[in-house]
Structure formats: structure tokens, C-alpha cells
Amino acid sequence: MDELPGLLRHPQPLKVRHGAAELILGLTSDAASLQMLSSHKEILTIVWDLLGDKDKKLSITSAEILVNFTSHNDKHIDNQQTLPAIIKTLHDPNSSHLYNNLAMILNNISRLPAQAEALSSVLALVDCQLFVKLVSRNQEQGYLVAVLSNIAVTETGRQHLLQESIFSELFSFLTMPGNIIVRRSTARLLRNLSFDSKTHAMLMEQLPLIVYPLVGGEEIDEEDMDKLPIDLQYLPEDKRREPDLQTRILLSDTLFQLGGTYSVRERFREENYYCLLKNYDQWEDDMEARERVQNVIYLIVQDDGQVDLRKEGELPEGVEAGDEQVFVKREEERENKEENTIDNAGN
């Protein structure tokens, strides 16, 4: 291990440097080796520097090492230097070969609230706009949306995300075909936004788009159909619901949080969202997902006095924060099997 720093550095032959980097990548495939690697700060410092190496293979391998390392360990990460450097690289079109890995690194080091605050403090609006553009153009596989969902728990992050240039683009991601990362991360982003009742007015404007992934092609009688928003009327019989369970749960959680605002509950009722959510509930096989959407249905069908919600704004004191903790905890349990890791073969 002590010899590796010398093998990574120029002027060692490129073949030697490649071999040393591949060896380190192999060490990031299990927890014990990662722990050993974390005690060698010099190696990690060199690996961070190699992200900017002119040799693409070496820079990609270095990025893969850091994806795996940051998925388990946030030590030796200097936010003041690392975050601006990653963001600057994402703005460089000549570094497109690194976009996916850099996005995963950013996601890994912004998951916790304190980390999200640190990232939000250095992200400008133009950076968030870039993230959306890269994903919409399929230049990055979707982890940049996960990064945006992480910063949605911060005040600064929400200020960026609610700008029209970004906010209006997000809803197309909810139905992006063939990309579960984008759809799930967008649903998580909306859920995180919805924890702040100040976002409810803007989210309510997009209510049909939030509900759309939960809607199928069931037959609806004319009286009920006429009450629905135009965008949700007369959908084709072969209309498919969102196939990803976690995305469906996140959308139901978003609707539940929005239901903490009186005007949203009124709109649920006036525009007959009950009909659509009832059909979804009957279609859903997963009991946890059914429980989540049934919470929303409960808000719709009960009188506000029985629901015990304040008329203007939020859920009763303590409920919102508690629900957020439960949602995040359950989500993390599902994601334990889906960590952003890359094995030695680069899969």
C-alpha cells in the first residue's frame, strides 16, 4: 500500500499508473479494504487529482474509485476544494466521459442534511440549470437529478429548484422512458420539496403531472370524467402506471404532504382526484404502497375537522417532521441494495 502513491504519479509509465489505479479500484469492492484505504490519505489525494489527468482511462478509473469510496466514507473530502472542482468539470464539455461518475460522487457526498447544505452553499442557479440540461439531453444517466433531490431539503436548494427555468423542466422527468434513476429521483425531489409548505402553491399548479404516473387506463363514467383536470381525461385504455414501486410510493408521499394544505385538499375534491387514486389503490399489489395512497384518500374523503389539519398550511405540529423521518428511513432501507458502487469490472 505504501508503494502505491509513487506508482500512480507521473513520470511512471502509463501502463504502471493504470495498473496501480486498477489495483486501488479493486480495493474499493469490499468494506474491509475500503477501511484500509481510508487510512491512506496520500493515495486518496492523488486519486482526486487524477480526475483531471489527460489520460481518459486513468481519469475514469480514478472517478470509479471515488464513487465507491464516497458511497461508504466521507472522510478526507475537502468540500471547499472538491465540490467546486467537480462542478467546474461538469461544465467542461471535454470532460463528458466523467459526467456519470462525477454525478454519482456528488450524490454520495450530499445525502446527509449537513452535506446537502455544504453543496447548496457552492451551487449557483446556473449549475442547477446545467444539471437539468445534461439529464434532459441524456448526457448524464440521472444521478444529477438525485443530487438536486438532495439539495431540495435545504432552503438555498429550494430557491434554485423553484426557479421557472428549472421547476418547469422537472416534470418531464417523471415520465422519462427507460430511466428509472431519473423518474425515481424526480419523485424524491418533489417529495422533498413538499415538506416545505411554502412550495405547495407551485406544486399544486402541476398536480395533474404529479398524479399522472399513478393513473391507469380504467374506464371512468362520464360524470366522474368531466370533473377531472383536462390533462387526466380520456387517457388511452393501454395507459400504463409507473412500473417502479418506490417511485409510486414517493409520489403518494408527495400528495400526502401537499394534502396538509387546505387549498390542495379542496382541489383534490373539486377535481375528483379521489376517483383516480381509488383506481390506483385497487390496482396496487404492494401493501405499503396501498397504505401510502390510502393516507391521501383519507385526506380527501374526511371532513377537515375530522382530519384535524390546520386550514391554512401545514399538518399538525410534529407530524410533518415525524413523517419525513419515517419516509427517509424506509427509503434508505430499500436503497441499501442499490448503492452507487462500481466493481472492478466497471459494471
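In this chain, residues are counted from 1 in sequence order. Side-chain atoms are counted along with the backbone in the values below, which use heavy atoms only and exclude waters and symmetry mates.
In this structure, a donor-acceptor pair under 3.5 Å is present between the side chains of T154 and S120. N101 and E64 form no side-chain donor-acceptor contact under 3.5 Å, judged by distance and modelled atom types alone. In the model, D55 has a side-chain atom that pairs as donor or acceptor with a side-chain atom of H18 under 3.5 Å.
If you take OG1 on T186 and CZ on R184, they are separated by 11.5 Å, rounding to the nearest 0.5 Å. The distance from atom CG of L44 to atom CD1 of I65, rounded to the nearest 0.5 Å, is 9.0 Å. To the nearest 0.5 Å, the span separating CD on E223 from CG on N272 amounts to 9.0 Å. Rounded to the nearest 0.5 angstrom, I105 CD1 and T82 OG1 are separated by 9.5 Å. Remark: N108 CG to Y143 OH distance equals 8.5 Å, nearest 0.5 Å. In this structure, CD1 on I151 lies 10.0 Å from CG on L106, to the nearest 0.5 angstrom.
A 6.0 Å sphere centred on CD of E219 holds no more than 12 heavy atoms belonging to other residues, nucleotides or ligands. Heavy atoms of other residues, nucleotides or ligands lying less than 6.0 angstrom from NZ of K56 number 12 at most.
Of all the heavy atoms in V293 and S252, the pair that sits closest is CB-OG, 3.7 Å. When every heavy atom of R267 is checked against every heavy atom of M204, the shortest pair comes out as NH1-O, 2.6 Å.
For Y212, there are no ring pair (Phe, Tyr, Trp, His ring centres under 6.0 Å) partners two or more places apart in sequence or in a different chain. Legend: residues meeting salt bridge (Lys or Arg N to Asp or Glu O under 4.0 Å) with R158, ordered by chain and number and at least two apart, are E155, D196. Remark: N100 pairs with no residue by the side chain to side chain donor-acceptor pair (under 3.5 Å) rule, at least two apart or across chains. Scored by the side-chain contact (heavy atoms from CB on, under 4.5 Å) test, P11 finds no partners at all (sequence neighbours excluded). Considering only residues two or more places apart in sequence or on other chains, D127 meets the side chain to side chain donor-acceptor pair (under 3.5 Å) condition with H91. Residues that satisfy the salt bridge (Lys or Arg N to Asp or Glu O under 4.0 Å) test with E169, not counting sequence neighbours, are absent from this structure. Residues that satisfy the salt bridge (Lys or Arg N to Asp or Glu O under 4.0 Å) test with D286, not counting sequence neighbours, are absent from this structure. Remark: E42 engages R9 in a salt bridge (Lys or Arg N to Asp or Glu O under 4.0 Å) (not counting sequence neighbours). Every residue two or more places apart in sequence or in another chain was checked for a side chain to side chain donor-acceptor pair (under 3.5 Å) with Q12, and none qualifies. Under the side chain to side chain donor-acceptor pair (under 3.5 Å) criterion, T89 pairs with no residue at all, not counting sequence neighbours. Evaluation of the side-chain contact (heavy atoms from CB on, under 4.5 Å) rule for N179 yields M176, I181, V182 as partners, not counting sequence neighbours.
In terms of modelled atom types and a separation under 3.5 Å, the side chain of Q233 and the main chain of M225 share a donor-acceptor contact. S110 places no side-chain N or O within donor-acceptor distance of the main-chain N or O of A116, the cut-off being under 3.5 Å. Between the side chain of S33 and the main chain of D30, no donor-acceptor pair closer than 3.5 Å is present.
The same ILVMFWY cluster, assembled from side-chain heavy atoms under 4.5 Å apart, contains both Y234 and L207. At a threshold of 4.5 Å between side-chain heavy atoms, the hydrophobic network of Ile, Leu, Val, Met, Phe, Trp and Tyr places I180 and L189 in one connected group. I230 and L232 sit in two unconnected hydrophobic clusters of ILVMFWY residues. Membership requires side-chain heavy atoms under 4.5 Å apart, directly or through other members. Linking ILVMFWY side-chain heavy atoms closer than 4.5 Å, directly or via other members, places F131 and L125 in a single hydrophobic cluster. There is no path of hydrophobic side-chain contacts, each under 4.5 Å, that joins L14 to L4.
Of the listed residues (L214, N279, L245, I249), just one forms a side-chain contact (heavy atoms from CB on, under 4.5 Å) with E284, and that residue is L245. Remark: of the listed residues K278, K239, R241, R241 is the sole one forming a salt bridge (charged side-chain N to carboxylate O under 4.0 Å, His left out) with E218.
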Could you give me the CA-CA distance, side-chain angles and deciding distance for E22 and R17, then say whether salt bridge (charged side-chain N to carboxylate O under 4.0 Å, His left out) is met? CA-CA 9 Å; E22 291 288 344; R17 300 175 75 201; over 6 Å; no
Are Q129 and S165 close enough, and set up right, to give a side chain to side chain donor-acceptor pair (under 3.5 Å), and what steps lead you there? CA-CA 7 Å; Q129 291 169 331; S165 60; 2.8 Å; yes
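Residues R292 and F256 fail the side-chain proximity criterion, which asks for heavy atoms closer than 4.5 Å.
Using a 4.0 Å cut-off between charged side-chain N and carboxylate O, R265 and E270 make no salt bridge. In summary, E266 and R269 engage in a salt bridge, as defined by a charged side-chain N under 4.0 Å from a carboxylate O.
The ring-ring contact (aromatic ring centres under 6.0 Å, His included) contacts involving residues 144-184 comprise F167-F171, where partners must be two or more places apart or lie in separate chains.
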